[in-house]
Amino acid sequence: MDIQAFVDRRARLLRTMGRGIAVVPTAPERVRNRDSHYPYRHDSYFYYLSGFAEPEACVVLVAGDAPRALLFCREKDAEREVWDGFRHGPEAAREAFRFDEAFPIGSLDEKLADLLAGQPALHYSMGHDAGWDDRVVAALNRVRANVRGGTHAPAEIRDVRVELDEMRLVKDAHEIADMRRAAGISAAAHRRAMRATAPGRFEYEVEAELMHEFRRSGAQAPAYSPIVAGGANACVLHYVGNSQSLRDGDLLLIDAGCEVDSYAADITRTFPVSGKFSPAQRDVYQLVLAAQDAAIAQIRPGQPWDAPHEAAVRVLAQGMLDLRLLTGNLDGVIESGAYRRFYMHRTGHWLGMDVHDAGEYKVGDKWRPLAAGMTLTVEPGCYIRAADDVPQALWNIGIRIEDNALVTADGCEILTDAAPKSVSDIEALMALRD
Ligand code: GLY
Ligand code: MN
Ligand code: MN
């Protein structure tokens, strides 16, 4: 980990803040039951500024003529370290993560009031964590209670995430390197899943192959709950039961990506359980692939965020007419939104530390123009449930194809293309199964 990148981000936020004090806490640990916790995941904003992954910590930035970056974290504790493992403690953390000062987290409440006194603005994101909101408001109120002593409390409260979202939207070289690793491991996991799929196996057995590849490659966790959806389950967009057996003749939709050093990949592939697409499956598959090609062709600097979605919708809607899923004409079914019966989500989202990453999609009332260094998913799909007015050969075909794109100077780079997606590449890989 290159600590300089984190130091640079703090310096940049301090410059953008201009004046005032920023408070950016990490995520709380969450109890699963009794004394068992969910696997810990730090807060992405906090980690983006610190590189520090321990719970119970907070970054405080003091802007102005003599800017300072402070870290509050757990103290060393020989007994707790026997049970839970290493803690840096403030002194070692200050040095390792290159903060100007570091203090025990237990002193935060008292110090925060001192730090807030006389500051014109507080940069803090209210409403995301009630516990932290209470602490910050209590500190503010302590300052307010002391105004007769000649100090003043911040008159302005700004959402620090607004500035951080803008920064997080354009990835630096370190972030792109991490995202490439997450994409590469996730693509390998999809290849492994294809080779492990066969009629009679269970969705969870294929899920286990994905997890095996993630962990053996050093990924810390899946970036989100994997979707391993055979047959009709693929038409349930957030299916995560992964409990059913796979049937010959069905498709299998897998939406899975791992998290590596805090950065996510998000890949979907859809392929036949048997290893061979039926003619009807192939028709819908080629349609979704053509929609994805059309969307990817729109990704370059200056294009509005919505351009890939619009391109995908045009291709999909025409295909739905050709397949007799819809009647009417292209402009009509787009205008009326009739295509949404079979394509009800959008074509992508920002990707980064969070699978649905930080950043506004509009600037004012206009779609944000893409810029080099932004990373996004491209994920058109088509989901056809059984219904009397739908040709029977198409029933229960649910297809999504999802890749991760990095906007470059003159177009985009697909980070996830090591996961096969042409009909011939998928069928060739699956032919190699034992
Ligand atoms: N896996 C979540 C998504 O594709 O957005
Ligand atoms: Mn996605
Ligand atoms: Mn996905």
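All ligand and atom numbering here is 1-based and tracks the order in the structure.
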Checklist entry - Where is the tightest heavy-atom contact between Glu209 and Ala196, given as atom of each residue plus distance? => result CG-CB, 3.5 Å
Next on the checklist: Can you tell me if Val355 contacts ligand 1 (heavy atom of the residue under 4.0 Å from the ligand)?
Outcome noted: no
Next on the checklist: Please check whether Arg400 reaches ligand 1 - meaning an N/O of the residue sits under 3.5 Å from an N/O of the ligand, judged on distance alone.
Outcome noted: no
Item to check | Check: Arg300 and Leu370 side chains under 4.5 Å, non-hydrogen atoms | outcome: no
Checklist outcome for this item: The OE2(Glu379)-the Mn ion (ligand 2)-NE2(His349) angle, to 10°, is 80°
Next on the checklist: Please list, in number order, the atoms of ligand 1 under 4.0 Å from a heavy atom of Glu402.
Outcome noted: 4 (O)
Item to check | Derivation of the side-chain hydrogen bond (donor to acceptor under 3.5 Å, both in side chains) call for Tyr204 and Gln244 | outcome: CA-CA 8 Å; Tyr204 55 76; Gln244 304 296 305; over 6 Å; no
Checklist outcome for this item: The N/O/S atom of Glu402 lying closest to the Mn ion (ligand 3) is OE1
Next on the checklist: Checking side-chain polar atoms at under 3.5 Å, does His349 have a donor or acceptor matched by the opposite partner on Asp266?
Outcome noted: yes
Checklist entry - Glu379 heavy atoms, cut-off 4.0 Å: which ligand 1 atoms fall inside? => result 3 (C), 4 (O), 5 (O)
Next on the checklist: If the cut-off is 4.0 Å to any non-hydrogen atom of His349, which atoms of ligand 1 fall inside it?
Outcome noted: 3 (C), 4 (O), 5 (O)
Checklist outcome for this item: protein heavy-atom neighbour closest to atom 3 (C) of ligand 1 works out as Asp266 OD2, 3.3 Å
Checklist entry - Hey, which N, O or S atom on Asp266 ends up closest to the Mn ion (ligand 3)? => result OD1
Next on the checklist: Looking at ligand 1, is there an atom of it that comes within less than 4.0 Å of some heavy atom belonging to His345?
Outcome noted: no
Next on the checklist: Closer than 2.8 Å to the Mn ion (ligand 2): does that hold for any N, O or S atom in Asp255?
Outcome noted: no
Checklist entry - Which protein heavy atom lies closest to atom 5 (O) of ligand 1, and at what distance to 0.1 Å? => result His356 NE2, 2.7 Å
Next on the checklist: Classify the ring geometry of His42 against Tyr47: parallel below 30°, tilted from 30° to 60°, perpendicular beyond 60°.
Outcome noted: parallel
Item to check | Residue pair Arg41 / Ser44, side-chain donor-acceptor N/O under 3.5 Å | outcome: yes
Checklist entry - If you measure only the distance, is there a donor-acceptor pair under 3.5 Å linking the side chains of His123 and Glu163? => result no
Item to check | Plane angle bin for His309 and Tyr343 - parallel if under 30°, tilted between 30 and 60°, otherwise perpendicular | outcome: tilted
